[in-house]
2 protein chains.
Amino acid sequence: MTKHHSDLSLLFHALADPTRRSILTQLAEKPARVTDLADPTGLRLPTVMRHLSVLEEAGLIATSKDGRVRTCAIVLEAMEPVRTWIDEQRAIWESRLDRLDAFVMDVMKERGK
Amino acid sequence: MTKHHSDLSLLFHALADPTRRSILTQLAEKPARVTDLADPTGLRLPTVMRHLSVLEEAGLIATSKDGRVRTCAIVLEAMEPVRTWIDEQRAIWESRLDRLDAFVMDVMKERGK
DNA sequence: ATGATAGTTAGCATTATGACTAAGCATCAT
DNA sequence: ATGATGCTTAGTCATAATGCTAACTATCAT
């Protein structure tokens, strides 16, 4: 595979893990500390740290440290490219329908002659 | 990790690979045979087959075989859960804002007294 | 200054992913 | 019936992903 992950690959990959998605859902409620995020997962801290860094590298969360506490917050806008990509696929698909329509119109014109 | 992938995990995982996304984009234009999909990737057939089965297991494509030719088509609706999930996160996030709004309203009412 | 708390780093084991080659099977055209 | 075509299967390999423990650092409370 490519060493160069596109933003989209990073995003989709980050979202492909249930633990990470549940972390995001929790963060959608409100920002939280690392430990608060680890608790409900039942996973060890280092494991959760890893998930958090995947999320952060994908731009899906932002974190800041105050004293010994790191606070994480969701970055909802980061999901936009996902929606955009899906919309693009739909647009391509619809343009195919348009072409079919055009083709049908041509055929009908042809028959009308 | 879990042996049991949720639909969402399957979907996001399938979409996380650039080759698979480009295959989907090609299929959004029009259905295609396995070889037609393999060509532009520069990958070998068995590799592409694997990508196709990932896409099919995620429900993102449907395939059918006629003689020795397998034709693949995109299943756009399959992407809906992705959009829905993202919308849900936004909804949660917005309900948090609502709560903040309510709080601010309260404060302002308080000050107006 | 001591101990508890919060997070971090390093290293390891297991499994999953993505690529390949080689060989096989089923059509289709001649 | 033979060869070409299109796909499929099996097996291999390298790398990445996910989990863990153990040990470490930095803060905060007393």
Side-chain angles (χ1 to χ4, degrees), chain A residues 1-24 26-27 30-73, chain B residues 1-27 30-58 60-73:
Chain A
M1 253 257 358
T2 335
K3 201 67 171 263
H4 257 58
H5 292 296
S6 72
D7 284 0
L8 269 176
S9 294
L10 281 179
L11 272 176
F12 279 124
H13 173 249
L15 294 172
D17 184 278
T19 299
R20 287 194 287 267
R21 287 199 304 278
S22 75
I23 286 174
L24 284 176
Q26 182 177 345
L27 289 178
K30 64 172 192 281
R33 302 177 310 155
V34 173
T35 313
D36 294 336
L37 293 169
D39 275 349
T41 65
L43 298 172
R44 301 295 187 161
L45 263 185
T47 306
V48 172
M49 289 288 297
R50 201 102 184 212
H51 283 303
L52 291 178
S53 70
V54 169
L55 288 170
E56 191 164 21
E57 274 168 41
L60 287 164
I61 66 171
T63 77
S64 67
K65 202 167 175 180
D66 179 26
R68 56 187 165 163
V69 174
R70 178 173 299 282
T71 301
C72 308
Chain B
M1 254 252 19
T2 335
K3 203 66 170 264
H4 274 15
H5 294 295
S6 73
D7 284 0
L8 269 177
S9 294
L10 281 179
L11 272 176
F12 279 124
H13 171 68
L15 294 172
D17 184 279
T19 300
R20 287 193 288 265
R21 286 198 305 278
S22 77
I23 286 175
L24 284 176
T25 300
Q26 181 178 346
L27 289 178
K30 63 171 191 282
R33 303 179 310 156
V34 173
T35 314
D36 294 335
L37 292 170
D39 276 348
T41 65
L43 298 173
R44 301 296 187 160
L45 263 186
T47 305
V48 172
M49 288 289 296
R50 199 103 184 210
H51 283 303
L52 292 178
S53 69
V54 169
L55 288 170
E56 190 164 21
E57 275 169 40
L60 287 163
I61 67 171
T63 77
S64 66
K65 201 167 177 181
D66 179 27
R68 56 187 165 162
V69 173
R70 178 173 299 281
T71 302
C72 308

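Every chain is numbered from 1, with letters handed out A, B, ... down the list of sequences.
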Which residue, B/Asp66 or B/Arg44, contacts DNA chain C at a nucleotide closer to its 5' end, judged by nearest heavy atom? B/Arg44
For residues B/Ser9 and B/Ser6, is any side-chain donor paired with an opposing acceptor at under 3.5 Å? yes
Rounded to the nearest angstrom, tell me the gap between atom [atom1] in [X] and atom [atom2] in [N].
{"X": "B/Leu10", "N": "C/dA16", "atom1": "CG", "atom2": "P", "answer": "13 Å"}
{"X": "B/Arg33", "N": "D/dT8", "atom1": "CZ", "atom2": "C1'", "answer": "16 Å"}
{"X": "B/Leu52", "N": "C/dA19", "atom1": "CG", "atom2": "C1'", "answer": "15 Å"}
{"X": "B/Asp39", "N": "D/dG6", "atom1": "CG", "atom2": "P", "answer": "10 Å"}
{"X": "B/Leu55", "N": "C/dG18", "atom1": "CG", "atom2": "P", "answer": "10 Å"}
{"X": "A/Arg21", "N": "D/dT18", "atom1": "CZ", "atom2": "P", "answer": "12 Å"}
{"X": "A/Glu57", "N": "D/dA16", "atom1": "CD", "atom2": "P", "answer": "13 Å"}
{"X": "B/Asp17", "N": "C/dT17", "atom1": "CG", "atom2": "C1'", "answer": "9 Å"}

Starting at CG of B/Leu15, measure out to CZ of B/Arg20 and round the result to the nearest 0.5 Å.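 So the gap between those two atoms works out to 8.5 Å.
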Could you check A/Thr41, A/Leu37, A/Thr47 and say which one makes a side chain to side chain contact (heavy atoms under 4.5 Å, CB included) with A/Thr19?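 Single pass found, and it is A/Thr41.
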Just wondering, more than 12 heavy atoms not from B/Asp7 lying within 6.0 Å of its CG? no
Check whether more than 12 heavy atoms from other residues, nucleotides or ligands sit under 6.0 Å from atom CZ of B/Arg50, and answer yes or no.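 No, the 6.0 Å shell around CZ holds no more than 12 heavy atoms from other groups.
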By nearest atom, which of the nucleotides [options] is closest to the [X] side chain?
{"X": "A/Thr19", "options": "C/dA19, D/dG19, C/dA6", "result": "D/dG19"}
{"X": "A/Pro46", "options": "D/dG6, C/dA10, D/dT8", "result": "C/dA10"}
{"X": "B/Arg68", "options": "D/dC20, C/dA4, C/dT27", "result": "C/dT27"}
{"X": "B/Thr47", "options": "C/dG18, D/dA17, C/dC20", "result": "C/dC20"}
{"X": "B/His51", "options": "C/dG18, C/dT8, D/dT18", "result": "C/dG18"}
{"X": "A/Leu43", "options": "D/dG19, D/dT8, C/dT8", "result": "D/dG19"}

Using a cut-off of strictly less than 4.0 Å, decide whether B/His13 has a side-chain nitrogen or oxygen near OP1 or OP2 of C/dT17. yes
Assuming nearest nucleotide by heavy-atom distance, tell me which of A/Leu45 and B/Thr71 is located more 5' along DNA chain D.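 Final value for this comparison: B/Thr71.
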Nearest-nucleotide comparison on DNA chain D, the residue closer to the 5′ end among B/Met49 and A/Gly42: B/Met49
Which part of the nucleic acid does A/Arg50 contact within heavy-atom distance under 4.0 Å: base, sugar-phosphate only, or nothing? base
